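This report refers to the structure that appears directly beneath it.
Order of the sequence lines sets the chain letters (A, B, ...), proteins ahead of strands, with each chain counted from 1. All figures in this text were calculated on a predicted structure; none of them were measured in a lab.
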Protein chains: 2
Amino acid sequence: MLTQETTKHPTLGRTRDPEGTRALLVENAFREIHAHGYAGSSLDRILANSGVTKGALYHHFKSKADLLHAVIDDAIRPMVMERWLRPLEESDDPIRALADSTRTFMGSCTPEELRCGCPLNNLAQELSGADEDFRKHLNRVADDWRAGIRAAFERGQRTGSVREDVDPAAVASLVFATFQGLSGSVKTSVDRKAVMAGLEVFLDLLEGLRP
Amino acid sequence: MLTQETTKHPTLGRTRDPEGTRALLVENAFREIHAHGYAGSSLDRILANSGVTKGALYHHFKSKADLLHAVIDDAIRPMVMERWLRPLEESDDPIRALADSTRTFMGSCTPEELRCGCPLNNLAQELSGADEDFRKHLNRVADDWRAGIRAAFERGQRTGSVREDVDPAAVASLVFATFQGLSGSVKTSVDRKAVMAGLEVFLDLLEGLRP
DNA sequence: GCGTTAACATACCGGCCAGTATGTATGAAG
DNA sequence: CTTCATACATACTGGCCGGTATGTTAACGC
C-alpha cells in the first residue's frame with residue numbers, strides 16, 4: 001500500500017481561511033488521485049487526510065469532477081510549467097536543455113514519485129476515452145507543454161543549435177510522447193536502468209538534429 | 001458515451017459450453033475494461049453484455065482481479081504477439097518492419113480503437129502504482145514485447161540492416177516507450193496528424209541506426 | 001448588539017459495487 | 001434409471017461511494 005502522507009490544515013478549525021482550505025483540498029486531492037487514479041480515488045479519504053468535512057468540500061467544489069478540474073489547473077499545470085517548460089525557456093539549446101532537465105529529474109525524484117508516474121499522463125490515459133470535458137482540459141495542458149517544446153526548438157533554429165530543416169511541431173510531438181512513454185515505462189518496469197538506457201538512446205538520436 | 005457492442009452467447013442457455021462461456025466473459029471483460037479502465041469497469045455490465053449471470057462468472061473466476069488476469073493472458077498478450085511481434089519476427093530489417101507495422105496500424109484501426117488507446121498501456125498506467133501483482137503481470141507482457149524488439153534488432157545487426165554499435169536492449173526500451181507514448185498522444189489529442197508527424201520524425205531518427 | 005452571509009460541520013440517502021449463499025438443471029458415468 | 005459433479009441462474013448482502021439537506025458558528029457591515 002501507499003504511504004498515506006497527509007497535509008493537515010495548519011490552523012485546524014480555529015480561524016476561517018477559505019483560500020487555504022480550498023488549496024488544502026486541492027493538494028490532498030492531487031495526491032489521492034495521483035496515487036489511485038480518478039475512478040479509484042475517494043472523497044472520504046481526501047477529506048480524512050485534509051482534516052475537513054464534506055460540507056467544506058461541497059462548499060468550494062460542486063462535484064468530484066469539479067475538484068479534478070481544479071487539481072488540473074492549480075496543481076498539475078503549474079508543476080508542468082515549472083519543472084519542464086521553464087528550463088526550456090531559459091536555454092537557447094533545446095536539445096541540451098531537454099537532456100539536462102530529464103537527467104536531473106530522473107535522478108532527483110523519489111521512487112514513490114517514479115512509481116506513481118506522470119500525473120498528467122495518468123489522468124489523460126484514464127479519462128480521455130471516457131469523458132470529453134476532461135480530455136479537452138487535460139489536452140490543453142499537454143498542448144501547452146508541446147507548444148513550449150516547439151517554441152524552444154524554433155528558438156534553437158534561430159540561434160543555430162538546431163537544423164533548419166526539422167519541423168519543430170513534429171519534434172515537439174515526438175519528444176512529448178517519448179517522455180510520456182518513458183515515464184510510463186519507469187512506472188511499470190521497476191528496471192530503471194533499462195529505461196534510462198532507452199532515454200540515453202533517444203537523447204543521442206536528438207543530437208542528430210543539430211546542424 | 002461509448003457504443004456498447006455486445007457479444008451474446010451463440011447458444012444462449014441451451015447447451016453447456018464452459019470454455020465458450022469463459023471465453024465470452026473474457027472477451028466482454030476486455031472490452032469493458034478497455035473502455036472504462038479496471039476501476040471504472042463493472043461486472044454487472046460485463047454480465048449484461050455477455051448474457052450470463054454472476055453465477056457463471058464466479059464459477060469460472062474467483063474474483064474481479066482474477067478476471068483481469070485472464071484478460072491479460074487470453075486477450076491482451078495474444079493481441080500484442082500477433083499485431084506487433086509477428087511482423088518483427090518475419091522481417092530481417094527491424095527498422096523497416098517497425099515503420100511498416102506502425103503505419104499500417106495507425107491507418108487501419110478505427111477511431112474508436114484509437115480513442116481507447118493501447119489496452120496494455122492503459123492498464124499498466126492505471127494499476128502499476130496500486131497493485132504489485134498486476135504490475136508484475138502486465139510488465140511480463142511488456143518485457144516480452146521489448147524482448148521481441150530487441151531480438152529483431154540483434155537479428156538486424158547480424159543481417160547488416162542495423163549498425164553494430166547500437167545497444168539492442170536500449171533501443172528496444174526506447175521504441176517500446178515511444179510507441180506507448182505516441183499511442184497515448186493519439187488517445188488524448190484528437191489531432192492525429194500531429195502525432196503522425198511525430199511518429200515520422202521518430203522513424204526518420206531510427207534510420208540513423210543503419211550502417 | 002444585530003442581522004446576514006460565508007464557511008464550514010453533521011447526519012443521512014440511494015445507488016452501485018464486488019462478492020456470496022443457495023437453488024437448479026444438465027449431462028456423463030455407472 | 002440413478003448418482004453426482006459441473007455449470008450455471010437467482011436472490012441477496014454489506015460496504016463504500018458521490019451527493020444532499022440541514023444545522024452551526026465565525027466574521028463583518030451597520
Side-chain angles (χ1 to χ4, degrees), chain A residues 1 4 7-29 32-33 35-71 126-127 130-131 133-134, chain B residues 1 4 7-29 32-33 35-71 126-127 130-131 133-134:
Chain A
M1 262 295 143
Q4 296 268 11
T7 303
K8 293 278 183 189
H9 201 139
T11 55
L12 189 137
R14 292 269 119 222
T15 64
R16 295 201 172 187
D17 179 15
E19 294 171 17
T21 302
R22 198 193 128 98
L24 181 76
L25 284 167
V26 168
E27 186 185 337
N28 280 29
E32 170 78 10
I33 293 172
H36 299 96
Y38 179 69
S41 67
S42 157
L43 295 183
D44 288 334
R45 276 199 300 264
I46 294 170
L47 294 171
N49 289 337
S50 302
V52 295
T53 61
K54 244 169 206 183
L57 204 168
Y58 279 91
H59 175 74
H60 289 283
F61 309 96
K62 66 176 190 183
S63 68
K64 190 188 183 185
D66 188 37
L67 177 61
L68 176 59
H69 283 295
V71 166
E126 177 186 356
L127 298 170
D131 186 296
D133 288 337
F134 287 147
Chain B
M1 261 297 141
Q4 296 267 9
T7 305
K8 294 275 182 190
H9 201 141
T11 56
L12 190 135
R14 292 267 118 226
T15 64
R16 296 202 171 185
D17 179 14
E19 293 170 19
T21 302
R22 197 194 129 98
L24 181 76
L25 284 168
V26 168
E27 186 185 337
N28 282 79
E32 169 79 8
I33 293 172
H36 300 95
Y38 179 70
S41 68
S42 158
L43 295 183
D44 287 335
R45 275 199 300 263
I46 294 170
L47 294 170
N49 289 336
S50 302
V52 296
T53 60
K54 238 162 210 189
L57 203 168
Y58 280 91
H59 175 74
H60 290 285
F61 309 96
K62 65 176 189 182
S63 66
K64 189 187 183 183
D66 189 37
L67 177 61
L68 177 59
H69 282 296
V71 166
E126 177 185 358
L127 298 170
D131 187 296
D133 287 338
F134 288 146

Nearest to the side chain of B:Y58 - C:dC17, C:dG19, C:dA9? C:dG19
Under-4.0 Å salt bridge between B:R22 and B:D17: no
Atom CG of B:L57 and atom C1' of D:dA7: how far apart are they, to the nearest Å? 13 Å
So, does B:H59 get its side chain near the phosphate of D:dA7, meaning an N or O under 4.0 Å from OP1 or OP2? yes
Within this structure, what is the CG-to-P distance between B:D66 and C:dG19, rounded to whole angstrom? 10 Å
Could you tell me the separation between the CG atom of A:L43 and the C1' atom of D:dC17, rounded to a whole number of Å? 8 Å
Could you tell me whether the side chain of B:K54 has a donor or acceptor atom within less than 3.5 Å of a complementary atom in the base of C:dA18? yes
Phosphate OP1/OP2 of D:dC17: any A:S42 side-chain N/O under 4.0 Å: yes
A:H60 side-chain N/O to C:dC8 phosphate OP1/OP2 under 4.0 Å: yes
Roughly how far, to the nearest 0.5 Å, is CG of B:L68 from OG of B:S63? 9.5 Å
Rounded to whole Å, please give me the gap between NE2 in A:H36 and P in D:dC17. 10 Å
Would you say C:dA7 has OP1 or OP2 under 4.0 Å from some side-chain N or O of A:T21? no
Given D:dG19, D:dA7, C:dC8, identify the nucleotide with an atom nearest to the side chain of B:P18. D:dA7
Taking only side-chain nitrogens and oxygens of A:S63, does any of them come within less than 4.0 Å of OP1 or OP2 of D:dG18? no
Reported NE2-to-CD1 distance for the pair B:H36 and B:I33, which is rounded to 0.5 angstrom: 11.0 Å
Within this structure, what is the CG-to-P distance between A:D44 and C:dC17, rounded to whole angstrom? 18 Å
Starting at the 5' end of DNA chain D, which residue's closest nucleotide do you reach first, B:E19 or A:A65? B:E19
Could you check B:D66, B:V26, B:L25 and say which one makes a side-chain contact (heavy atoms from CB on, under 4.5 Å) with B:V71? B:V26
Separation of B:L25 atom CG from D:dA7 atom P, in whole Å? 13 Å
Provide, to the nearest angstrom, the distance between the CG atom belonging to B:L47 and the P atom belonging to D:dA9. 9 Å
Between B:E32 (CD) and C:dC16 (C1'), how many Å, whole number? 13 Å
For the residue pair B:E126 and B:F134, establish whether any side-chain heavy-atom pair is separated by less than 4.5 Å. no
